[in-house]
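Since the structure comes first, as structure tokens, the remarks are kept for the end.
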Amino acid sequence: MFLPKYPDSPTPPAHPHTVADQMPARRPAPQISVSTGAVAAVLVGGVVLTALLAAVAVTAISVAVAAVVLRSLLRDQHRR
């Protein structure tokens, strides 16, 4: 009932090959040269950014610890 109906003798469509069917000539990709100075600059920048991130994290942790200590000192003083 829901089966597709196929033609009795299927024939593939005929497509004549023309010059337009061929792939166009590809241009060569431009050469990219990376100097050692650029690599060193990227590495130094990464190290500096990592050190800054670590410094910010250590500062945030120390501020949080100081806040907890001050809070507990003020709470003890407030109870007296």
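Position 1 is the first residue of the sequence; numbering continues from there.
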Compile the donor-acceptor pairs under 3.5 Å between side chains in residues 51-66 and protein atoms, sequence neighbours left out, one pair per line.
residue, atom, partner, partner atom, Å
T59, OG1, A55, O, 2.8
S62, OG, V58, O, 3.3
S62, OG, T59, O, 2.8

### Contacts of V39 that satisfy side-chain contact (heavy atoms from CB on, under 4.5 Å) - sequence neighbours left out
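Testing V39 for side-chain contact (heavy atoms from CB on, under 4.5 Å), a comparison that skips the adjacent residues, returns V34, L43.
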### Message
Just to verify, what does V68 make a side-chain contact (heavy atoms from CB on, under 4.5 Å) with, not counting sequence neighbours?
### Response
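For V68, no residue satisfies side-chain contact (heavy atoms from CB on, under 4.5 Å) once neighbours in sequence are set aside.
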